[in-house]
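Here the structure is a predicted model, which is why all the values come from computation and not from measurement. Just the heavy atoms: all of them, side chains too, but no hydrogens, waters or symmetry mates, feed the values below. Every chain is numbered from 1 and lettered A, B, ... according to where its sequence line falls, protein lines coming before strand lines.
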Protein chains: 2
Amino acid sequence: MSDDEERTPASGAWRSLGDFIRSQRELANLSMRQLAEIAKISNPYLSQVERGLYKPSADVLKSIANALHLSAETMYSQAGLLDNSGPRDESHHGVEHAIKVDPRLTNDQKESLIRIYRSFTAGS
Amino acid sequence: MSDDEERTPASGAWRSLGDFIRSQRELANLSMRQLAEIAKISNPYLSQVERGLYKPSADVLKSIANALHLSAETMYSQAGLLDNSGPRDESHHGVEHAIKVDPRLTNDQKESLIRIYRSFTAGS
DNA sequence: AGCATCTGCTTGGTATACTTAGCGCATCAC
DNA sequence: GTGATGCGCTAAGTATACCAAGCAGATGCT
């Protein structure tokens, strides 16, 4: 009873992705139906998302981000989907990574290049 | 009849996200069950994803990316979920650029690697 | 020959993301 | 007052992401 929770969290840390989206939407002076229209989702669904009942797919997140003139990275980051906790890349993984994700190379070619690269950098 | 279809597209972009994941998985010498285990998804589902029958959620994408030691951004980018209209034009000259700026390679080694790389990608 | 153990794939079901129809409340015109 | 139009939300259904169990082929071992 008594008070509800904070409805508009002070700027800074959002309780959830829904709060973030709602805040951004209100900041842009858009109604749910307007934003839903632009983002090509249904307004009830947007309501659920903002209330934290559903966690939207990446597609929808991207669409909402675009509608709000936010970068997809920002949105994913808020959604906790970009936690750069996984791969410790950088440094000497630069070349290998670039090779691995190059769509013009076959896997055999990638292995060859990486093998050569490693032989070059073995001593350093 | 005739030949197998191309399993690793020799040139051009990935036909789909599934192709990219399968290629990365094979490059890491992981079976579907192994990768599925690490990524905490079921192996049949991974099969469907690699065959392009389903488009995984961002959560799963992130998990697979981590299991393959790829950054989530790379995976999202491949999934077409990040508008890579970013400042990086590096995507196209990724390998050569990475080689050029690698401090552990001598200039001779860089030239060798780039020459091999160009021979591999000559047709594309 | 068999059995064991891989591989990837199919089937059938459950969970959840998402939509269409509609409710209740407010504001503004008439 | 009644009706029209805005808001956000609820309810019920559909589509799809995802999982557990099991199948068919390939490889290896005795």
Side-chain angles (χ1 to χ4, degrees), chain A residues 4-9 14-68 72 75-76 78-81 107-108, chain B residues 1 3-9 14-68 72 75-76 78-81:
Chain A
D4 252 350
E5 302 151 4
E6 271 189 317
R7 307 219 149 230
T8 51
W14 311 105
R15 282 205 335 256
S16 67
L17 172 67
D19 287 335
F20 174 74
I21 293 177
R22 173 158 296 189
S23 176
Q24 293 299 314
R25 176 176 63 81
E26 290 172 346
L27 202 64
N29 278 314
L30 290 172
S31 74
M32 282 188 163
R33 283 181 166 85
Q34 288 173 327
L35 176 56
E37 166 91 3
I38 301 173
K40 287 169 185 136
I41 62 177
S42 64
N43 51 84
Y45 181 55
L46 179 58
S47 172
Q48 324 265 36
V49 166
E50 288 191 354
R51 294 166 58 85
L53 299 182
Y54 293 127
K55 109 186 164 165
S57 73
D59 253 354
V60 172
L61 276 183
K62 180 190 172 190
S63 192
I64 295 175
N66 279 342
L68 288 173
M75 191 60 85
Y76 293 149
Q78 278 295 331
L81 293 171
N107 279 352
D108 281 348
Chain B
M1 329 288 261
D3 285 1
D4 277 349
E5 300 190 357
E6 276 184 316
R7 306 218 147 228
T8 51
W14 307 103
R15 285 205 318 263
S16 67
L17 172 67
D19 286 334
F20 175 74
I21 293 177
R22 173 159 295 189
S23 177
Q24 293 301 311
R25 177 176 62 80
E26 290 172 345
L27 199 63
N29 279 312
L30 290 173
S31 73
M32 282 188 164
R33 281 181 168 83
Q34 288 173 327
L35 176 56
E37 167 91 5
I38 301 173
K40 287 168 187 139
I41 61 178
S42 66
N43 53 84
Y45 181 55
L46 178 58
S47 172
Q48 324 264 36
V49 166
E50 288 190 355
R51 294 165 58 85
L53 299 181
Y54 294 127
K55 116 190 156 157
S57 71
D59 256 354
V60 171
L61 276 183
K62 181 188 170 193
S63 191
I64 294 175
N66 281 343
L68 289 173
M75 190 61 85
Y76 293 150
Q78 278 297 329
L81 294 171

Could you tell me the separation between the NZ atom of A:Lys55 and the C1' atom of C:dT16, rounded to a whole number of Å? 10 Å
Rounded distance in Å - CG (B:Leu53) to P (C:dT11): 11 Å
Closest to the side chain of A:Met32, out of D:dC18, D:dC9, C:dC9, is D:dC9
Return the value, rounded to whole Å, for the distance between atom OH of B:Tyr45 and atom P of D:dT16. 13 Å
Under 4.0 angstrom, heavy atoms only, what part of the nucleic acid is A:Val60 near: base, sugar-phosphate, or nothing? sugar-phosphate
A:Asp108 meets the salt bridge (Lys or Arg N to Asp or Glu O under 4.0 Å) criterion, sequence neighbours left out, with none
Return yes if some donor-acceptor pair links the side-chain N/O of B:Gln34 with the main-chain N/O of B:Ser31 below 3.5 Å, else return no. yes
Whole-Å distance between D:dG8 C1' and A:Leu35 CG? 13 Å
5' priority, DNA chain C, between A:Lys40 and B:Glu50 [closest heavy atom]: B:Glu50
Using whole Å, what does the distance between atom C1' of nucleotide D:dA21 and atom CD of B:Gln48 come to? 14 Å
Among C:dT20, C:dC18, D:dC19, the one nearest any side-chain atom of B:Ile41 is D:dC19
Has B:Ser42 got a side-chain N or O lying under 4.0 Å from the OP1 or OP2 atom of D:dA20? no
A:Ala39 backbone acceptor or donor facing A:Ser63 side chain under 3.5 Å: yes
With distance as the sole test, does A:Arg22 use its side chain to make a donor-acceptor pair with the main-chain N or O of A:Glu50 at under 3.5 Å? no
Length of the CG-P vector between A:Asn43 and D:dC7, whole Å: 9 Å
May I have the distance from B:Leu46 (atom CG) to D:dA20 (atom C1'), rounded to whole angstrom? 16 Å
Counting distance alone, no hydrogens or angles: does the base of C:dG8 have a donor or acceptor under 3.5 Å from a partner atom on the side chain of B:Arg33? yes
Given C:dA17, D:dC9, C:dC9, identify the nucleotide with an atom nearest to the side chain of B:Pro44. C:dC9
Taking only side-chain N and O atoms of A:Arg25, does any of them lie within less than 4.0 angstrom of OP1 or OP2 on D:dC7? no
Length of the line joining B:Asp59:CG and C:dA15:C1', which is rounded to integer Å: 14 Å
Kindly say if A:Ser57 contacts the phosphate of C:dA17, meaning a side-chain N or O under 4.0 Å from OP1 or OP2. no
Given 3.5 Å as the limit, does a donor-acceptor pair link the side chain of B:Arg25 with the main chain of B:Leu30, or not? yes
Can you tell which of D:dC19, C:dT10, C:dC18 lies closest to the side chain of B:Ser47? C:dT10
